[in-house]
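These notes are about the structure you will find just below.
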Amino acid sequence: MGSRAILQAASGEVPLLDIRNATIYRGENRVFHRFDLTIGQNEQVAILGPNGCGKSTLLKIINREIYPVAADESWVRILGRNSWNVWDLRSRIGIVSHDLHADYRDTTTALHVVLSGYLSSVGVHGILAGRITSAQRAKAREIMADLGIADLADTPLRRMSTGQQRRCLLGRALVHEPETLILDEPTAGLDLTASFDYLARIRQLVAKGRSIVLVTHLLNEIPPEIGRVILIRKGVIVADGPKGSVLTVENLQETYDTRIRLARVDDYWLAYPAGSS
């Protein structure tokens, strides 16, 4: 449990995420067994681990796409509740994920991607368009301007760079002004310029009071503002705590099962091959 989560527990404030003794499957594959994890509200957290460790399953748990096996003294609670209306949850937590990105048609325009956040839909097509208010359209355009994509409003996804597409999805998550953003490998597929731009925008959101839960396997994606790191391997937490204590060569080698070296530059962390010597 992170320090913020501990303070919240002591004060009686419910955590953002509270998983207790949970066994969780994806299809026939058991991902977590008797798994415990607490993330407090207003914590800045990074969850790291190799592909297949359970990171994407955690996203689906938070998004209420997957539920634990029913058992005594076992639960998954989001903001203190076992169940949520999806519309209410979207106003508290915004999620940007690869699965969501892949679901969109390449003909969907940037504005419709952002507007679809109001409907928890994939795009705004047919009768859905009639449910969008003029105030929502104005708010969506305001968010797009803040993200530097206002001029792409009528541009289809297929004619954008990956970085521009990713900013559209970020705008979709922001329409409800959620307190927490959960970002799944936000710079995957981006070149250096787009990666640096996206990470700068994340830092700006933190500065404005947003909480960030960053799900990644890349150390260099972790902005300096994130104070807690959770390392996961094969559905088991290897280490959890303050970034400086968790990001060690020993912990990372255990998590990724490979020899590495570790460097820290201007409050960013970098991993690189240890070599054969």
Side-chain angles (χ1 to χ4, degrees), residues 1-10 15-24 26 29-40 42-62 76 97-98 182-188 190 192 195-196 198-199 202-203 206 211-277:
M1 183 184 294
S3 58
R4 174 70 187 178
I6 291 171
L7 289 173
Q8 288 177 334
L16 172 72
L17 174 66
D18 184 19
I19 302 177
R20 280 291 176 271
N21 195 34
T23 296
I24 298 164
R26 288 187 69 175
N29 180 41
R30 190 179 72 187
V31 181
F32 296 110
H33 180 56
R34 296 181 179 176
F35 185 76
D36 293 338
L37 176 63
T38 300
I39 296 176
N42 304 312
E43 275 198 287
Q44 310 295 346
V45 181
I47 302 173
L48 275 77
N51 292 336
C53 74
K55 300 190 305 296
S56 62
T57 299
L58 277 177
L59 283 179
K60 291 183 180 296
I61 292 167
I62 297 169
V76 173
S97 71
H98 285 301
I182 299 177
L183 307 175
D184 177 23
E185 298 184 6
T187 67
L190 304 187
L192 278 179
S195 294
F196 292 168
Y198 199 90
L199 291 174
I202 292 172
R203 297 188 70 184
V206 173
S211 298
I212 302 294
V213 178
L214 177 68
V215 180
T216 183
H217 60 269
L218 299 174
L219 268 65
N220 63 301
E221 281 193 342
I222 304 175
E225 290 80 5
I226 283 183
R228 177 185 175 192
V229 172
I230 302 165
L231 300 180
I232 299 179
R233 173 176 168 79
K234 295 182 178 180
V236 175
I237 294 177
V238 174
D240 176 5
K243 179 168 54 180
S245 300
V246 169
L247 293 182
T248 66
V249 168
E250 293 76 17
N251 284 339
L252 290 167
Q253 288 185 158
E254 181 180 354
T255 301
Y256 288 92
D257 193 26
T258 190
R259 297 180 66 245
I260 68 163
R261 290 181 180 174
L262 191 62
R264 181 176 178 179
V265 181
D266 295 334
D267 289 325
Y268 285 90
W269 298 75
L270 307 171
Y272 58 100
S276 57
S277 58

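Of the inter-residue distances, the one linking Arg20 atom CZ with Phe35 atom CZ reads 10.5 Å to the nearest 0.5 angstrom. Expressed to the nearest 0.5 Å, how far CG of Leu270 lies from CG of Leu262 amounts to 8.0 Å.
With sequence neighbours left out, the salt bridge (charged side-chain N to carboxylate O under 4.0 Å, His left out) criterion links Asp267 to Arg264. Shown here are the side chain to side chain contact (heavy atoms under 4.5 Å, CB included) partners of Pro50, two or more places apart in sequence or in another chain: Cys53, Thr255, Tyr256. Contacts of Glu254 classified as side chain to side chain contact (heavy atoms under 4.5 Å, CB included), with partners at least two apart in sequence or in another chain: Val238. For Lys60, the salt bridge (charged side-chain N to carboxylate O under 4.0 Å, His left out) test picks out Glu65, Asp99, with sequence neighbours left out.
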Hey, can you pull the donor-acceptor pairs under 3.5 Å for the side chains in residues 212-226, sequence neighbours left out?
from   : atom 1 : to     : atom 2 : distance (Å)
Thr216 : OG1    : Leu218 : N      : 2.9
Thr216 : OG1    : Glu221 : OE1    : 2.5
His217 : ND1    : Glu185 : OE2    : 3.1
Glu221 : OE2    : Thr187 : N      : 3.0
Glu221 : OE2    : Thr187 : OG1    : 2.2
Glu225 : OE1    : Arg203 : NE     : 3.0
Glu225 : OE2    : Arg203 : NE     : 2.9
Glu225 : OE2    : Arg203 : NH2    : 2.9

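The shortest distance between side-chain heavy atoms of Phe32 and Ile61 falls below 4.5 Å. Between Ile62 and Ile182 there is a side-chain heavy-atom pair separated by less than 4.5 Å. In this structure the side chain of Arg228 reaches within 4.5 angstrom of the side chain of Ile39, judged on heavy atoms. Side-chain contact between Val45 and Val229 is absent, with no heavy atoms from C-beta onward closer than 4.5 Å.
The backbone N or O of Asn21 sits less than 3.5 Å from a side-chain atom of Asp36, completing a donor-acceptor pair. Proximity of a side-chain donor or acceptor of Ser211 to a complementary backbone N or O of Asn42 within less than 3.5 Å is detected. In terms of modelled atom types and a separation under 3.5 Å, the side chain of Gln253 and the main chain of Glu250 share no donor-acceptor contact. With Asn251 contributing its side chain and Val246 its backbone, the two residues share a donor-acceptor pair below 3.5 Å.
Among pairs with a residue in residues 45-59, none fulfils salt bridge (charged side-chain N to carboxylate O under 4.0 Å, His left out), at least two apart in sequence or across chains.
For OH of Tyr268, the number of neighbouring non-hydrogen atoms (other residues, nucleotides, ligands) closer than 6.0 Å is greater than 12.
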**OP:** Show your working on side chain to side chain contact (heavy atoms under 4.5 Å, CB included) between Ile19 and Thr38 and close with a plain yes or no.
**Re:** CA-CA 6 Å; Ile19 302 177; Thr38 300; over 6 Å; no
